[in-house]
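First up is the structure itself, then whatever we jot down about it.
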Amino acid sequence: MKEFVCRMLKRMFRDTQSSDDLAFFRKITLFHGLHDRQLRRVLQAMQKRQYYEGETIFEEGRAGQSVFVIRSGGVELSRRASHDKAKILARPGPGQIFGEMALLDRQPRTATARVAEDGEIYLLDATALESLMRRYPDIGVDIMKNIAIVLSALLRKANEELDKGN
Amino acid sequence: MNEIRFWRAVFCLLALVLILFVLVKAFTVVLPFAFGLILAYLANPLVEWFTAFGLRRDRVVLVLYLALLTLGVVLCMSLVPPLLHAANQTQAALPRYGQELDSLFSRFNSDIQKWLTPLIGAGARHFMIPAQTDDLLMKVVQKLFVNIEDLAHVGLWIIIIPFVGFFGLVQSRQWMDTLFNLTSSRYVENLLGLLAEINTTLGAYMRSVMIESLCVGFLMTLGLHFLGVNAAVLIGVTTALVNPIPFMAPVIGGALAVLLTYFQFQSLSMVLAVVVLVIVVRIIDDFILIPCVVGRSVHLHPVVMIFAVLAGVELGGFLGLIFAVPLTVVLKVVLSLLVRSRRERFLIHHEHVAT
């Protein structure tokens with residue numbers, strides 16, 4: 001009887017829809033080390049939007065304050081090169097993040113992001129993240145550590161490219 | 001391109017004017033819906049706290065509503081009898097209070113006239129306060145109840161506010177998703193930043209003011225109870241209710257406490273004790289609660305607060321008084337974001353020029 005009641009209550013109250021989201025976000029570098037409850041709190045602070053091919057997500061030179069997580073579809077990151085020709089830097093896809101530097105410095109974007117393929121993208125605003133980190137410092141420690149890992153990987157890659165160039 | 005921008009701006013302006021016109025015309029209809037959404041906004045952190053455990057949002061809201069309903073019934077059963085008792089006692093004693101005030105005024109008038117007669121002669125009899133206090137008190141009480149009835153349509157509001165609040169809590173995520181899907185992709189980041197900033201500041205302000213009001217009400221009730229004042233709960237609840245309106249708690253709560261204590265004990269020493277209590281509660285509020293609880297959430301200069309309250313009263317009457325400070329907080333956030341954005345654009349422009 002007790003088992004039956006427990007099963008009924010679980011079926012009534014358990015949010016099965018968010019399980020898919022959790023499984024997806026757990027794989028993302030930025031959220032490594034967060035347990036389910038912490039991850040759900042981060043998800044509550046995020047906002048999703050449906051993007052369509054050709055839409056500009058952000059432009060190089062404009063101040064940024066959000067990090068973007070691609071749930072589905074694809075994005076093209078480009079940078080103005082000489083003679084107004086754009087140089088494509090990367091084409092991130094599902095499960096990848098971009099714009100993470102804005103979380104730390106809120107400085108102008110160093111690249112332009114355009115939607116290459118229709119899809120769903122999640123945004124995490126720097127203010128919302130700060131507020132979350134003040135309330136739950138353990139979440140903040142993990143996310144900051146992960147941002148440092150992401151940025152150090154980018155720096156390593158840039159150094160390698162510089163070495164190749166030389 | 002410029003022409004498209006111009007027509008887009010004109011369209012936005014017209015839409016804004018139309019929305020404002022509808023809001024003003026249908027103010028009394030819009031009001032309970034606005035209160036329902038405010039209720040949802042205030043209760044949202046509690047719902048999100050539960051959903052972080054992997055619970056379904058709609059079920060959590062349902063259980064919370066049931067729990068709040070039960071709590072409301074229990075609170076009504078335990079708080080309403082003493083409140084009604086105190087209100088009845090006060091109402092029954094109103095004519096006596098009026099007579100006492102009348103005799104106080106007539107004594108004051110005769111003293112003044114006696115003091116002035118040697119100085120200005122027969123003209124001194126014109127110096128008097130024409131007080132019909134018992135009539136005045138009854139009129140004030142009657143007018144208060146008539147106005148509340150006119151304003152609120154209480155029965156309808158009791159249904160609409162929780163109804164809107166329920167859907168606001170259950171579907172707020174979907175509503176936000178729709179809003180962001182309708183927003184141009186270029187402005188999504190700005191809108192998200194603006195909402196996050198407003199949410200952080202306003203949410204913290206509202207929650208902290210609620211905690212502060214509860215503390216002030218509790219301290220007043222406790223202090224008055226120890227002093228033996230019969231209407232301690234009534235005064236405490238009134239003080240807590242008016243506390244979110246800046247500068248009103250010491251004026252309304254303090255005046256009510258002093259008057260009811262005077263009428264109950266007819267003793268100046270008891271009135272003095274209540275005045276000391278009001279001052280102590282103010283000191284605790286001003287130097288401990290506001291800096292620790294409210295001060296961290298929003299920094300509004302006292303002069304700005306007074307201006308906001310006066311402007312609120314002028315523009316929106318009683319409701320303007322209630323919403324003056326929260327709206328000023330939102331305005332402050334929007335203005336500071338605009339200033340920051342302009343400064344960033346200026347810096348970016350100068351960097352481009354420099355390179």
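Only heavy atoms go into these numbers, but all of them, side chains included; no hydrogens, no water, no symmetry mates. Computed from a prediction, not measured in an experiment: that's the story for all the values here. Numbers restart at 1 for each chain; the letters A, B, ... are given by sequence-line order, proteins then strands.
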* Nearest heavy-atom neighbours spanning T183(B) and R49(A) -> O-NH2, 2.6 Å
* Picking from A196(B), S185(B), S184(B), which has the most non-hydrogen pairs under 4.5 angstrom with chain A? -> S185(B)
* Could you tell me whether a side-chain N or O of Q47(A) sits under 3.5 Å from a main-chain N or O of F180(B), the two making a donor and an acceptor? => no
* Which residue out of E59(A), K10(A), R134(A), Q38(A) racks up the most heavy-atom pairs below 4.5 Å with chain B? -> E59(A)
* Pairwise side-chain contact, R40(A) with T51(B), heavy-atom cut-off 4.5 Å (strictly under) -> no
* Asked: Can you check whether R14(A)'s main-chain N or O pairs, donor with acceptor, with R59(B)'s side chain at less than 3.5 Å?
  -> no
* Count the heavy atoms of every other residue, nucleotide or ligand shown that sit under 6.0 Å from CH2 of W175(B), and state whether that count exceeds 12. => yes
* Does any heavy atom of chain B fall under 4.5 Å from the side chain of Y52(A), the backbone, both, or neither of them? -> neither
* Answer whether the closest heavy-atom distance between the side chains of F13(A) and V63(B) falls below 4.5 Å. => yes
* Asked: Which one of R173(B), E197(B), R57(B) has the most heavy-atom pairs closer than 4.5 Å to chain A?
  -> R173(B)
* Structure fact -> E130(A) meets the salt bridge (charged side-chain N to carboxylate O under 4.0 Å, His left out) criterion, sequence neighbours left out, with R106(A)
* Are there more than 12 heavy atoms of other residues, nucleotides or ligands under 6.0 Å from atom CE of M210(B)? -> no
* Asked: Based on non-hydrogen pairs under 4.5 Å, which of D36(A), T56(A), L22(A) is most in contact with chain B?
  -> T56(A)
* Region of I57(A) that comes under 4.5 Å of a non-hydrogen atom in chain B -> backbone
* Asked: Distance from D125(A) atom CG to N199(B) atom CG, nearest 0.5 Å?
  -> 10.5 Å
* Structure fact -> For E48(B) and Q44(A), the nearest pair of non-hydrogen atoms, with its separation, is O-NE2, 2.8 Å
* Structure fact -> Under 4.5 Å to a heavy atom of chain B? For L43(A) that would be backbone
* Asked: Would you find a donor on one side and an acceptor on the other, under 3.5 Å apart, between the side chain of E189(B) and the backbone of S66(A)?
  -> yes
* Quick check: are there more than 12 heavy atoms from other residues, nucleotides or ligands sitting under 6.0 Å from CZ of F53(B)? -> yes
* Which heavy atom in R56(B) sits nearest to a heavy atom in D15(A), and how many Å separate them? -> CG-CA, 3.6 Å
* What residues, two or more places apart in sequence or in another chain, satisfy salt bridge (charged side-chain N to carboxylate O under 4.0 Å, His left out) together with D118(A)? -> none
* Other residues, nucleotides, ligands: >12 heavy atoms within 6.0 Å of Q174(B) CD -> yes
* **Selection residues 132-156 of chain A - residue pairs positive for ring pair (Phe, Tyr, Trp, His ring centres under 6.0 Å), sequence neighbours left out** => none
* To do: For atom CE of M133(A), decide whether the heavy atoms of other residues, nucleotides or ligands shown that lie under 6.0 angstrom number more than 12.
  => yes
* To do: Tabulate, in ascending numerical order, the residues of residues 32-46 of chain B having at least one heavy atom closer than 4.5 Å to a heavy atom of chain A, or enter 'none'.
  => none
* **Interatomic distance, E55(A) atom CD to R186(B) atom CZ [nearest 0.5 angstrom]** => 10.0 Å
* Asked: Are side-chain N/O atoms of D177(B) and Q50(A) paired as donor and acceptor at under 3.5 Å?
  -> no
